[in-house]
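Since the structure is predicted, the reported quantities are computational estimates derived from the model, not experimental observations.
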Amino acid sequence: MSTPPTMRALVVEDLAPDFAGCAVRDVPTPQPGPGEALVRIRAASVNFPDLLMTRGEYQFKPPLPFTPGLDIAGEVAALGEGVTSLQVGDAVVGGARLGGFAEYAVLSADALKPKPARLSFAAAAAYGAAYLTAYVALVRRARLEPGEWVLVHGAAGGVGLAAVDLAKALGARVIAASASDEKLAQVQALYAPDAVVNVTQGFRERVKEITGGHGADVIYDPVGGDVFDESVRCIAFDGRLLVIGFTSGRIPTVSVNMPLIKGFSVMGVRAGEYGRQFPEKGRENGEAIWKMADEGVIRPHVHAELPLDRWREAFDLLAQRKVVGKAVITPGK
């Protein structure tokens, strides 16, 4: 498979609000080194870290200029020296900290897996980071048991919807929470959670009512802010409050007498870092979620597929919380 000398890529040239430092440019096509593969990108999903990096607000701060894009799906276009696990033309999925929003990207061959046949390129790209986050949160950190109540905030977003799907597959009783009745109706239709809650007017009494006064055993919170504050009021004794992120924009705090009196734990979740700290468990995590995808046990939902020229629209869908599931950019379609 021959590759062109240049390619189109979304490049962050300056850290600025409202994505003002981003532009699609013609740049040299990268070449794979030893142990690497060049992938023709067919789809790359948009994640909140991608948006934060355009403003320099994410914990990983690459030097300028850079091309964002964490999760990709595509076809192997060329192989570096020593790669025997892949062949040119293989349909693959993978993840890296950078590079997805381009026609081609170089990734470590070890970071690539065969694309599950039942998933489209877009669905495969929408899968990795969201479901890995959900798996590390629910299985590794919370040690979720079948029958436990799980309250999922931001349930219509990429990581929230993945948590709803995975928690149901693990046998939990799921309460999907969002500020939009319209989005909750879509979540209900897609994954049939046991209950849905609109958080606009508060939710702690409703959660207590749904759980028969018990409270939620596990609370999955990518929102933070006021949602975190109220979650402290409806968590069960011995519960686990999972800190996923702060899409509300406010990082909350909790008085430690609350976990003491109510006997719950606050747990931070960084799925990628978990795998870096515990490489063997990281491999197991990846294998587990892709096995479930391959078997159709869990399934990602793609809200929209947009070409590279419409990257701004894809970013805005996420930034303005209009997306149910994932928005996907398709550079090589």
Side-chain angles (χ1 to χ4, degrees), residues 3-74 77-78 80 94-112 125-126 128-130 132-133 158-159 222 244-247 249 251 270-273 275-276 306-321 323 326-332:
T3 57
T6 62
M7 66 174 188
R8 297 169 72 247
L10 177 64
V11 180
V12 180
E13 299 171 323
D14 186 30
L15 302 178
D18 197 31
F19 317 125
C22 305
V24 174
R25 303 294 190 201
D26 288 323
V27 300
T29 303
Q31 297 302 311
E36 296 178 332
L38 178 68
V39 178
R40 179 190 178 214
I41 307 297
R42 297 285 299 275
S45 66
V46 182
N47 296 283
F48 263 104
D50 299 317
L51 274 56
L52 294 174
M53 278 192 280
T54 68
R55 304 191 295 268
E57 295 176 359
Y58 192 57
Q59 51 258 36
F60 173 56
K61 295 177 171 60
L64 296 168
F66 65 88
T67 292
L70 296 168
D71 279 330
I72 65 94
R97 287 180 166 184
L98 297 170
F101 302 142
E103 292 178 317
Y104 292 87
V106 167
L107 292 90
S108 167
D110 292 339
L112 296 169
L132 184 63
T133 297
V159 294
I244 312 299
F246 314 106
T247 60
I251 299 175
R270 289 182 62 197
E273 187 61 25
R276 286 185 284 273
L306 297 164
L308 187 60
D309 286 337
R310 293 171 65 188
W311 65 269
R312 172 114 198 180
E313 185 177 341
F315 278 27
D316 283 342
L317 281 172
L318 192 60
Q320 297 169 13
R321 293 174 176 78
V323 65
K326 282 294 189 74
V328 174
I329 291 173
T330 54

Could you give all pairs that pass the salt bridge (Lys or Arg N to Asp or Glu O under 4.0 Å) test and reach residues 51-60, with sequence neighbours left out?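 Sorted pair list: R55-E57.
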message = Listing request: all salt bridge (Lys or Arg N to Asp or Glu O under 4.0 Å) pairs with a residue in residues 14-37, at least two apart in sequence or in separate chains.
response =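 Listed by first then second residue: E13-R25, D18-R312.
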Looking at every heavy atom in both [X] and [Y], which two are closest together, and how far apart are they?
{"X": "A125", "Y": "D71", "result": "O-CB, 3.2 Å"}
{"X": "G94", "Y": "L107", "result": "C-CD2, 4.3 Å"}
{"X": "V11", "Y": "P65", "result": "CG1-CB, 3.6 Å"}
{"X": "G100", "Y": "P331", "result": "O-CG, 4.1 Å"}
{"X": "V46", "Y": "A314", "result": "CG2-CB, 4.1 Å"}
{"X": "A105", "Y": "G99", "result": "CB-O, 3.5 Å"}

Please tell me if the side chains of [X] and [Y] come closer than 4.5 Å, counting only heavy atoms from C-beta onward.
{"X": "L306", "Y": "L317", "answer": "yes"}
{"X": "M7", "Y": "P30", "answer": "yes"}
{"X": "W311", "Y": "D50", "answer": "no"}
{"X": "T67", "Y": "L98", "answer": "no"}
{"X": "V159", "Y": "F48", "answer": "no"}

I want to know whether F60 and F66 have ring centres closer than 6.0 Å.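 Ring centres of F66 and F60 not closer than 6.0 Å.
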When rounded to the nearest 0.5 angstrom, what is the spacing between [atom1] in [X] and [atom2] in [Y]?
{"X": "T330", "Y": "R310", "atom1": "OG1", "atom2": "CZ", "result": "9.0 Å"}
{"X": "L15", "Y": "M53", "atom1": "CG", "atom2": "CE", "result": "11.0 Å"}
{"X": "L308", "Y": "I41", "atom1": "CG", "atom2": "CD1", "result": "11.0 Å"}
{"X": "I329", "Y": "E313", "atom1": "CD1", "atom2": "CD", "result": "10.0 Å"}

Looking at A271, is its backbone amide N or carbonyl O close enough to the side chain of T133 to form a donor-acceptor pair, meaning the two atoms are under 3.5 Å apart?
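Judged by distance alone, no pair lies under 3.5 Å.
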Practice prompt. Without swapping roles, check the side chain of T29 against the backbone of P4 for a donor-acceptor pair under 3.5 Å.
Written response: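 Present.
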- request: Would you please test K326 and N47 for side chain to side chain contact (heavy atoms under 4.5 Å, CB included) and show each step?
  value: CA-CA 8 Å; K326 282 294 189 74; N47 296 283; 2.7 Å; yes
| field | Qualifying residues under ring pair (Phe, Tyr, Trp, His ring centres under 6.0 Å), relative to F246, sequence neighbours excluded | value |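 Result, ring pair (Phe, Tyr, Trp, His ring centres under 6.0 Å) vs F246: none returned.
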